[in-house]
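Before any comments, here is the structure.
Here the structure is a predicted model, which is why all the values come from computation and not from measurement. The chain is numbered in sequence order, starting from 1.
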Amino acid sequence: MQLNHYLNFKGQTEQAFNFYKSVFGGEFAMLSRYGDMQPTEGVSLSEADKNLVLHVSLPINEFTVLMASDVNDQFCAQNSVFTQGNNHYISINLDPDEQDEAQRLFNALSANGQIEMPLEKTFWGALYGAFTDQFGIKWMINCQLDE
């Protein structure tokens, strides 16, 4: 298991992460944009939205990866609004053989909290869910699946 920091921005992810890369060094392990997504029914993205960062990851060292995305209101839970200050998650990343542990952690940590996205398989090949725990801490569980 690896615990990482996940940041959300409102259109500034690329600028912020180019800055972080200049400070920490290294290269992006992944940089994908909303325009790279598979078409989703009921979602229409402007050309500007298609250029926003869907996910970026910058390895800091062998134990830490800083990750982020630009928040797009079409993909936010109804009660989840971007506010500067609530744009930070703790992200738990698990290996494919840890699906049971992903479910256990999701269930235990989200108890008496607010589920933003149920733990389920995603288009990027992971078991993923997000929630705010009963103490107001935002979490993501991401278990990469074998492809």
Looking at side-chain heavy atoms only, is the closest gap between [X] and [Y] below 4.5 Å?
X	Y	value
Phe106	Leu127	no
Gln99	Leu94	no
Ile90	Leu3	yes
Tyr128	Ile141	no

Would you call the rings of Tyr20 and Phe24 parallel, tilted or perpendicular if under 30° counts as parallel and over 60° as perpendicular?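 Tilted, since the angle between the ring planes falls between 30° and 60°.
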Give me the ring orientation class for Phe17 and Phe28: parallel if the planes are under 30° apart, tilted from 30 to 60°, perpendicular past 60°.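 Tilted: the ring planes of Phe17 and Phe28 meet at 30° to 60°.
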Nearest non-hydrogen partners of Gln12 and Asp70, listed with the distance: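 Heavy-atom minimum between the residues: N-OD1, 3.1 Å.
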For residues Pro59 and Ser57, report the shortest heavy-atom separation together with the two atoms involved.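 Looking at all heavy atoms of both residues, the closest pair is CD-O, 3.8 Å.
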If you measure from [atom1] on [X] to [atom2] on [Y], what distance do you get to the nearest 0.5 Å?
X	Y	atom1	atom2	result
Leu45	Met37	CG	CE	6.0 Å
Asp95	Gln144	CG	CD	9.5 Å
Leu66	Leu7	CG	CG	5.0 Å
Ile137	Phe131	CD1	CZ	11.0 Å
Asn93	Met67	CG	CE	4.5 Å
Glu116	Lys138	CD	NZ	5.0 Å

Please enumerate all residues that pass salt bridge (charged side-chain N to carboxylate O under 4.0 Å, His left out) together with Glu62, with sequence neighbours excluded.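 Expected list: none.
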With sequence neighbours excluded, residues passing salt bridge (charged side-chain N to carboxylate O under 4.0 Å, His left out) with Lys21: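 Salt bridge (charged side-chain N to carboxylate O under 4.0 Å, His left out) check on Lys21 returns Glu27.
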Side chain to side chain contact (heavy atoms under 4.5 Å, CB included) evaluation trace for Val56 with Met30: CA-CA 5 Å; Val56 62; Met30 175 181 244; over 6 Å; no
Treating [X] as the side-chain partner and [Y] as the backbone partner, does any N or O pair qualify as donor plus acceptor under 3.5 Å?
X	Y	value
Thr122	Ala126	yes
Tyr89	Asn4	no
Gln2	Phe63	yes
Ser46	Asp49	yes

Would you please test Ile92 and Asn142 for side chain to side chain contact (heavy atoms under 4.5 Å, CB included) and show each step? CA-CA 6 Å; Ile92 298 176; Asn142 190 80; over 6 Å; no
Step by step, work out the side chain to side chain donor-acceptor pair (under 3.5 Å) result for Asn8 and Ser69. CA-CA 5 Å; Asn8 291 130; Ser69 62; 3.1 Å; yes
Does anything in residues 31-40 form a salt bridge (charged side-chain N to carboxylate O under 4.0 Å, His left out)? List the pairs, not counting sequence neighbours.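 Output for this query lists Glu14-Arg33.
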Should Asn107 and Gln103 be marked as a side chain to side chain donor-acceptor pair (under 3.5 Å) after you check the CA-CA gap, both sets of side-chain angles, and the distance that decides it? CA-CA 6 Å; Asn107 293 342; Gln103 188 67 61; 3.0 Å; yes
Pick from Val53, Leu58, Thr13, Leu54: which one makes a side-chain contact (heavy atoms from CB on, under 4.5 Å) with Leu31?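 The single option meeting the side-chain contact (heavy atoms from CB on, under 4.5 Å) with Leu31 is Val53.
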Is the distance between the ring centroids of Tyr6 and His55 under 6.0 Å?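 When the ring centroids of Tyr6 and His55 are compared, they turn out to be within the sub-6.0 Å range.
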Give a yes or no on whether Asp100 atom CG has more than 12 heavy-atom contacts from other residues, nucleotides or ligands under 6.0 Å away.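 Open.
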